[in-house]
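Worksheet for the structure shown next.
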Amino acid sequence: MILLWILLILFFGGLLAWLSEWFDSRLPRWIALFSVAATLIPLVLLYQGYDADSESKWIVEFSRSWIPSLGIKFTLAVDGLSLLLVGLTSFLGLISIGAAWEEMRERVGFFYFNLLWTLAGVVGVFTAIDLFLFFFFWEVMLIPMYFIIAIWGHENKRYAATKFFLFTQFTGMLLLVSLLCLVYFFKIQYGYLSFAYEDLLRTEVDGALEIGLMLGFFIAFATKLPSVPFHSWLPDAHSQAPTAGSVLLAGVLLKTGAYGLIRFTLPFFPEASAQFTPVALALAVISILYCAKVALAQSDIKRLIAYTSVSHMGFVLLGIYAWNLIGLQGAVMTMLAHGLSAAALFSLAGGLQGRLHTRDMRLMGGFWALAPRMAVVALFFSVAALGMPGLGNFVGEFLSLLGVFSVSIWAAALAALGMIVASVYSLWVMQAVFQGAQNSEADHSSLPDLDNRELFIYALMMIGLVVMGLFPNAFLDLSSGVLERLSSASDAFAAVGESR
Amino acid sequence: MEKEFATMPITPAVDLDGLLLLLPHELMGLAIIVGMLAIAIGRNHFVSTVIATSGMLAAGIAGAMQFYELTLGAAPSMVTALFVLDALSALFIALLAFSAMGVAIMSFAYFHKLADARDEFQLLLSLATLGAITLVSSAHFITVVIGLEMLSMALYGMIAYPIHSGAWAAKSLESAIKYLVLSAVASATMLFGMALIYAATGSLGFLDISVSTGSLFYLGLLMLFVGAAFKLSLVPFHLWTPDVYQGGPLPAVAFLATLGKVAVAVFAIRLFSQPQIGQLPVVTSVIALVAVASILVGNLLALRQTNLKRLLAYSSIAHMGYLLVAVLSISAATAISEVEDSAFALESALFYLLVYSLLSLGAFGCALLVSSSDDEASGVGDYRGLFWRSPWLASVLLVMVLGLAGIPLTAGFIAKFQVFFAAVGDSQWGLLAAMVLGSAIGLFYYLRIVYQMLMPVLDTDESFALREIGIESLGVLAVLAVLTVVVLWVGVYPEPLFALIAFAASNF
């Protein structure tokens, strides 16, 4: 029931925010802020209810009959993994409302409606345990995001919004077909229809068919992650989305792809995934190196950060396909830390764009003198992104590499090169934007520094990253139970892994 | 060739029970006669509309009552050899009559400002509705011909309805003549097909058609299919569709796109779900080809359209292709005697048909609300900024368009989900691939409409979205409200509708 509350708060909060615009255009943002803040209460309750030694798989489970004739139930459940991700969603929801606080001037009510509904969709994705319900949320969360990009986006928003929607919808259809095949095989083997996670885990699919179905799941999730070669929607969507949209996109929407891989793709298809591991690791390494290289060639600051996002998500993919406890822990840690650091960097880029009306780094330079607070904040998050020990990103990427090292030394070695390139592009951005001489063609004499509201938001994220870096066990313990269960459940996977 | 003249079942004379079973048809007929007399006494658009809609309402209620009785355990029955009144026909009689009522209410608003005679449109509408409900309850080729012709003849008049004068009049005349000529050819093809089937089997009743493997029989089936494919605008018999949609008055097109297609599709499903016919490999391979072609051609050609009516025309071609995928799954499952899968495929086909007609009716209704007979909002660009001018209307159109695109929260998703499921169950991989591809292409043009609605309004823009909605449109608003609630309700909680459809599919 407590899970349903989170969804309902966001759902009705969104409607209320929309309607409240009639009375006062400042009301929607307050309603949105309070709704998202209110979701933290059930989350804290759930966190307290977490018991690492508990026998049951889920902390809480909520199940109601929905479409019995197709064996579909309305089932929500959380374990440590989903609790972490839902927590991240709520936290970044607050951040994105903060980022939009002053930026959003037009059609405010509808904006916060979409923002809250996107959050509701993402929370649904992280908590749905009936696969039909999961797919339902998976698709539903796209529509408000499409609106956010298409209505409040920048100069090329139509192209970006359509591309975003098409990529995710098309691959979503592949996911649907694979899912239906899986359900159909379950029905053949057990004699009844079911979309329940636990049931589908028991389904056995053999040979080429398993690989086909696995690919359907993999492509859908890898597009969302995104991984090369399915990543090309991301730079466009990011550069065109408003700041709050970018924060949500980078912070939480990308994480749904990784979550899907961990929760569904590998447990459902252990043997096919084991066979597929070399390809997945190769894709991860290519994502890390190629996108880091492409990032270096960008002059649009948001596109640059978008490519670095793809590069960092490569570590997540790497950690997942290592499929051992350390690798998975690394993937989850990277998801959380990257959620914060990418959200902060996109906020900064959005802040720059809001002040200068350009994202072109060639027109920037020497801003340290003009906006020292912003420069320091940017330096902190750049250093976090490049993997400085003591901050969350380092823990995540280090664990991912450690995990994958026992599976493939080559993949680990090549991926580690990515951390070097990351230092290059992170420092290069700092150099191009905040140091050097001011651009003589552009007049930036009136670049306002961060105000207290913005500073507060960034401080929150900084604290988050430092806590993750210094006390990673608080997060690792929460997810270790479920990750251990997942990685040890797939005996076949382990067997194949060892033989390789 | 030796012919086997099957003995016709002994047909009881139409007694009181039979008359009672045909109540929907009789009520519709009564409404037509009363409407005609009322026009003869004095022209009043409002009165004609009330007569037509109450006839449709009564017929719909009668159909729903019959369906209810059947669920209580009444046996499905034949009235003479011509009509069959089972749960399938009762359900679709109710659906068709209620949708026709929606169209009638819409056309009242649409023709409100027309200076010319307006009453006859309601009369033609009632006549076409009678044809449609005759078609879905037919058990005999004679009834099919009568129903189909009643439907088509009335539609010729509706499409050619004189809403414009002078040079503009030529437009709707052109599309009416195009429809007349091609539709007549299709009807003739179907008639010839029926004659061939009769020659091969000796029976005109198609519910218990005997197995025959002669080439005459195949040829007859093929011609029957060609005729039905024309009416359903399946590729390669689709060429008339965009022109007729574009030229005809909106209510006529709304009728053609929903009731006109549903009635023919129900007849086709009834015929092709006969195991003797559905198992023929010749039949299934032809249908599979047509389905793939319709999905791809319909979606691809819709991409370039800037006229909303043409766009919906091509999208309807694609949707009929999706429907065929479900129909094929029926026969494929029957062929390997998977009774459960076959029933599921049949349910998914009927469900898809029902949802498709609700969604297109809703989409046309929105277009109608911002149009009138002298001034139609036909370009996609006419909907620019609708979301900011008229948020409620835009939300309704949004729901309908997203529904047609098969996005969750709408009934369209559930319908597409079911067709996918049916096709997976029968391992129709090629068809599935076509559907996935087609749906992805489809998103492009559906999103174009959505995007237009979301664009900011220009102050200089004299677009249709700015029109004041007058008091004559209150009925349309009510129809749209009902449709939206149904579409969202079914999208979130489809179980009750599943139950209705499952009963209809098991009871014929």
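Letters go in sequence order (proteins before strands), and every chain restarts at 1.
By the neighbour-count criterion of 12 heavy atoms within 6.0 Å, atom CZ of B/Phe503 is densely surrounded, having more than that number from other residues, nucleotides or ligands. Remark: A/Glu204 CD is loosely packed, at most 12 non-hydrogen atoms of other residues, nucleotides or ligands lying under 6.0 Å away. Annotation: A/Tyr190, atom OH; neighbour count of heavy atoms from other residues, nucleotides and ligands within 6.0 Å is above 12. Atom CD of A/Gln189 has more than 12 heavy atoms from other residues, nucleotides or ligands within 6.0 Å. With a 6.0 Å radius and a threshold of 12 heavy atoms from other residues, nucleotides or ligands, A/Phe23 has its CZ atom at or below the threshold.
Using a 4.5 Å heavy-atom cutoff, the side chains of A/Thr162 and B/Tyr451 are not in contact. Using a 4.5 Å heavy-atom cutoff, the side chains of A/Phe165 and B/Tyr446 are not in contact. Taking 4.5 Å as the limit, every side-chain heavy atom of A/Leu193 sits out of range of all side-chain heavy atoms of B/Phe344. At least one side-chain heavy atom of A/Val183 sits under 4.5 Å from a side-chain heavy atom of B/Phe421. The closest side-chain heavy-atom distance from A/Ile151 to B/Trp388 is below 4.5 Å. Under the 4.5 Å side-chain criterion, counting only non-hydrogen atoms from C-beta, A/Cys181 is in contact with B/Trp429.
Within residues 136-147 of chain A, the residues having any heavy atom less than 4.5 Å from a heavy atom of chain B are, in residue-number order, A/Phe136, A/Glu139, A/Val140, A/Ile143, A/Tyr146, A/Phe147.
Atom CG of A/Leu180 is separated from atom CG of B/Leu432 by 8.5 Å, given to the nearest 0.5 angstrom.
Although no hydrogens or angles enter the test, the distance criterion places a donor-acceptor pair under 3.5 Å between the side chain of A/Trp66 and the main chain of B/Val492.
In terms of heavy-atom pairs under 4.5 Å with chain B, the best-connected choice from A/Leu179, A/Leu174, A/Ile67 is A/Ile67. No other option in A/Arg158, A/Gln169, A/Met173, A/Lys157 has as many heavy-atom pairs under 4.5 Å with chain B as A/Arg158.
Of the atoms belonging to B/Phe417, heavy atoms from both backbone and side chain fall under 4.5 Å from chain A. Contacts of B/Pro456 with chain A are made by both backbone and side-chain atoms, with heavy-atom separations under 4.5 Å. Residue B/Leu398 touches chain A through its side chain alone, counting heavy-atom pairs closer than 4.5 Å. Of the two parts of A/Phe132, only the side chain, counted from C-beta on, holds a non-hydrogen atom closer than 4.5 Å to a non-hydrogen atom of chain B. For a residue to count as touching a neighbouring chain, one of its non-hydrogen atoms must lie under 4.5 Å from one of that chain's; by this rule B/Leu447 touches chain A with backbone and side chain alike. In this structure, chain A has heavy atoms under 4.5 Å from both the backbone and the side chain of B/Leu409.
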Original post:
Which is it for B/Met435 and A/Val177 under the side-chain contact (heavy atoms from CB on, under 4.5 Å) test, yes or no, and what are the steps along the way?
Top reply: CA-CA 10 Å; B/Met435 265 191 89; A/Val177 172; over 6 Å; no
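Taking every heavy atom of both residues into account, A/Ala150 and B/Leu454 meet most closely at CB-CD1, 4.3 Å.
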